[in-house]
Amino acid sequence: MTAALSDLTPLGSGKVRDLYEIDDKHLLIVASDRISAFDWVLPTPIPDKGRVLTALSMWWFDRIADIAPNHVVAVDDSRIPAAVRGSAMVVRRLAMVQVECVGRGYLAGTGMKDYQATGRICGIELPPGLTDGSKLPEPIFTPATKSAVGTHDENVGFGVVEAQVGSATAAELRRLTLAVYGRGVEIAARRGIILADTKCEFGYDDAGTLTIGDEVLTPDSSRFWPADQWQPGRAQPSYDKQFVRDWLANKSDWDRSSPPPELPDEVAAATRQRYIDAYELITGLKFADWMS
Ligand code: Q0N
């Protein structure tokens with residue numbers, strides 16, 4: 001008999017995912033239907049978002065299996081409560097490396113901010129004249145260290161990662177992150193999507209092997225931009241969240257400093273469809289077939 005989610009020990013929640021303990025060697029990661037925008041988790045869930053992101057992450061794990069092993073044990077397993085079937089993964093418990101490993105080929109987000117302030121990202125000198133959304137001369141590894149809940153990760157130089165995990169591991173993290181990013185870029189490009197950046201998390205398994213954890217190459221861990229709308233010099237439209245951002249940005253009675261309002265049903269429904277469209281475009285699969 002399958003356990004209920006309430007039988008599992010919660011190990012913590014991120015903005016949009018929840019983590020539970022199954023046993024001393026296994027965890028359950030549940031991708032929720034929560035969505036964030038402008039640094040807030042919105043009060044309105046996006047139906048099926050957790051299932052779409054789990055399906056997409058699983059698809060990518062297969063496509064990067066030659067780059068590094070990952071923590072996934074199962075998505076269809078008696079240990080997964082029925083309520084979260086399709087949006088949850090049983091994973092091996094890893095000793096996590098406390099570094100957010102980001103690969104980026106375009107200027108956006110904190111990369112853009114750091115470049116504007118210093119001409120560098122994570123100590124990497126970039127040419128002058130780049131603008132929001134610019135393609136970088138080559139993809140770069142821009143690590144960040146995790147910070148307390150509610151604060152942002154801090155971009156750090158490669159030397160900080162070396163000091164934290166050792167030079168050999170730091171070099172491996174960079175190599176693996178850029179390999180994952182490169183594979184993502186190549187596959188997304190064939191579908192008309194620019195993968196601007198992606199964040200990976202790694203950990204060591206019981207055998208001491210560096211292993212990919214968390215989720216990979218999802219819209220929550222990456223920036224997906226429609227290639228045909230790419231136009232450096234402005235914020236790029238987000239493949240998945242643009243309806244949400246546009247609606248919130250036009251809500252003149254919301255000032256971004258207080259909790260955001262509920263989304264109208266049609267905005268939530270349109271956003272749900274964007275996640276499904278992204279899944280189907282990238283994978284060539286029908287979302288209706290996911291675990292059916
Ligand atoms: C772990 N985080 C941060 C899930 C993801 N395989 C693992 N073993 C041990 N710890 C972790 C993993 C993984 N993945 C990863 N925290 C613990 C990201 N979380 C945020 C909440 O949801």
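Annotation for Ile80 and Ala74: closest pair CD1-O, 4.0 Å, computed over non-hydrogen atoms. Across all non-hydrogen atoms, the minimal contact from Ser167 to Glu162 is OG-OE2, 3.4 Å. The two atoms that bring Val267 and Thr271 nearest to each other are O-OG1, 2.8 Å, heavy atoms only. Summarising the geometry of Pro237 relative to Gln242, their closest heavy-atom pair is CA-OE1, 3.4 Å, with the distance given to 0.1 Å. Here the closest non-hydrogen pair linking Pro45 and Ala268 is O-CB, 4.3 Å.
The pair Arg93-Glu21 counts as a salt bridge, with a side-chain nitrogen and a carboxylate oxygen less than 4.0 angstrom apart. A salt bridge is defined here as a Lys NZ or Arg NE, NH1 or NH2 lying under 4.0 Å from an Asp or Glu carboxylate O, and Asp48 with Arg272 meets this definition. Taking the charged nitrogens against the carboxylate oxygens, Arg63 and Glu186 have no contact shorter than 4.0 Å, which rules out a salt bridge. Salt bridge Asp253/Lys251: present, at least one basic N to carboxylate O contact under 4.0 Å. Using a 4.0 Å cut-off between charged side-chain N and carboxylate O, Arg79 and Asp77 make a salt bridge. Salt bridge status for Lys15 with Asp39: present, with a side-chain N to carboxylate O gap under 4.0 Å. One finds a salt bridge joining Lys49 and Asp220 here, because a Lys/Arg side-chain nitrogen approaches an Asp/Glu carboxylate oxygen to under 4.0 Å.
The CG atom of Asp33 sits 12.5 Å away from atom CG of Leu42, with the distance rounded to the nearest 0.5 Å. Atom-to-atom distance recorded for Lys286:NZ and Ile276:CD1 is 9.5 Å, nearest 0.5 angstrom. The CG atom of Leu53 sits 11.5 Å away from the CD1 atom of Ile46 when rounded to the nearest 0.5 Å. One finds the CG atom of Asp114 at 6.5 Å from the CD1 atom of Ile121 (value rounded to the nearest 0.5 Å). To the nearest 0.5 Å, atoms CZ (Phe61) and CD1 (Ile212) are separated by 6.5 Å. In this structure, the separation between OG1 on Thr44 and CD1 on Ile35 is 9.5 Å, given to the nearest 0.5 Å.
Val91 and Leu11 fall within a single hydrophobic cluster, where Ile, Leu, Val, Met, Phe, Trp and Tyr side chains are chained together by heavy-atom contacts under 4.5 Å. Leu178 and Ile124 fall into different hydrophobic clusters, defined by Ile, Leu, Val, Met, Phe, Trp and Tyr side-chain heavy atoms under 4.5 Å apart, directly or through other members. By the rule that hydrophobic residues join a cluster once side-chain heavy atoms approach within less than 4.5 Å of another member, Met58 and Phe224 end up as members of one cluster. When hydrophobic clusters are built by joining Ile, Leu, Val, Met, Phe, Trp and Tyr residues whose side-chain heavy atoms come closer than 4.5 Å, directly or via intermediates, Trp59 is grouped together with Leu281. Grouping the Ile, Leu, Val, Met, Phe, Trp and Tyr side chains by contacts below 4.5 angstrom, directly or via other members, places Tyr239 with Phe38.
One N or O on the side chain of Gln236 and one on the backbone of Gln231 form a donor-acceptor pair closer than 3.5 Å. Side chain of Ser32 to backbone of Val16: a donor-acceptor contact under 3.5 angstrom is found. A donor-acceptor pair under 3.5 Å links the side-chain atoms of Asp7 to the main chain of Ala4, judged by distance alone. Remark: side-chain polar atoms of Ser222 are not paired, donor with acceptor, to backbone N or O of Pro219 under 3.5 angstrom. The closest donor-acceptor contact from the side chain of Arg104 to the backbone of Ala108 lies under 3.5 Å. The main-chain N or O of Gly86 is found under 3.5 Å from a side-chain atom of Trp290 such that the two form a donor-acceptor pair. The main-chain N or O of Ile282 is found under 3.5 Å from a side-chain atom of Arg191 such that the two form a donor-acceptor pair. Proximity of a side-chain donor or acceptor of Ser57 to a complementary backbone N or O of Thr54 within less than 3.5 Å is not detected. Side chain of Gln164 to backbone of Gln98: a donor-acceptor contact under 3.5 angstrom is found. Of the possible polar contacts, none joining the Thr211 side chain to the His71 backbone as a donor-acceptor pair under 3.5 Å is found.
Side-chain contact between Leu19 and Pro10 is absent, with no heavy atoms from C-beta onward closer than 4.5 Å. Side-chain contact between Pro261 and Leu248 is present, with heavy atoms from C-beta onward closer than 4.5 Å. Within the 4.5 Å cutoff, side-chain heavy atoms of Leu210 are placed close to those of Leu176. Looking at Arg85 and Asp76, their side chains come closer than 4.5 Å, going by heavy atoms from C-beta outward. Counting only heavy atoms from C-beta outward, the side chains of Glu262 and Pro43 approach each other to under 4.5 Å. Residues Met291 and Val75 have side chains in contact (heavy-atom distance under 4.5 Å, counting atoms from C-beta outward). In this structure, the side chains of Leu195 and Arg223 stay at 4.5 Å or more apart for every pair of heavy atoms. For the pair Pro264 and Trp247, the minimum side-chain heavy-atom distance is below 4.5 Å.
Donor-acceptor pairing under 3.5 Å is recorded for the side chains of Thr218 and Glu215. With 3.5 Å as the limit, one finds a donor-acceptor pair spanning the side chains of Thr110 and Asn155. Counting only N and O atoms by type, the side chains of Arg51 and Ser87 include no donor and acceptor under 3.5 Å apart. No hydrogens or angles considered: a donor-acceptor pair under 3.5 Å links the side chains of Asp240 and Ser238.
Applying the ring-ring contact (aromatic ring centres under 6.0 Å, His included) criterion to Tyr106, with sequence neighbours excluded, gives Trp225, Trp230. The salt bridge (charged side-chain N to carboxylate O under 4.0 Å, His left out) search around Asp132 returns none, not counting sequence neighbours. Listed by chain and residue number, Trp254, Asp255 satisfy the side-chain contact (heavy atoms from CB on, under 4.5 Å) test with Ser258 (two or more places apart in sequence, or in another chain).
Atom CG of Asp265 has 12 or fewer neighbouring heavy atoms from other residues, nucleotides or ligands inside a 6.0 Å radius. At most 12 non-hydrogen atoms from other residues, nucleotides or ligands lie less than 6.0 angstrom from NZ of Lys113. Counting non-hydrogen atoms of neighbouring residues, nucleotides and ligands closer than 6.0 angstrom, the CD atom of Glu154 reaches no more than 12 such neighbours.
Listed by first and then second residue, the ring-ring contact (aromatic ring centres under 6.0 Å, His included) pairs that reach into residues 175-216 come to none, sequence neighbours excluded. Listed by first and then second residue, the ring-ring contact (aromatic ring centres under 6.0 Å, His included) pairs involving residues 76-103 amount to none (not counting sequence neighbours). Identified under the ring-ring contact (aromatic ring centres under 6.0 Å, His included) test for residues 109-135, with sequence neighbours left out: none.
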### Task
Determine, stepwise, if the pair Val52 / Arg274 fulfils side chain to side chain contact (heavy atoms under 4.5 Å, CB included).
CA-CA 10 Å; Val52 175; Arg274 290 300 282 178; over 6 Å; no

### Task
Go through Asp153 and Lys146 one step at a time and tell me if the salt bridge (charged side-chain N to carboxylate O under 4.0 Å, His left out) criterion holds.
CA-CA 5 Å; Asp153 298 337; Lys146 298 186 191 207; over 6 Å; no

### Task
Under the side chain to side chain contact (heavy atoms under 4.5 Å, CB included) rule, what do Asp206 and Lys25 come out as? Steps first, then yes or no, please.
CA-CA 9 Å; Asp206 286 346; Lys25 296 242 181 303; 3.2 Å; yes

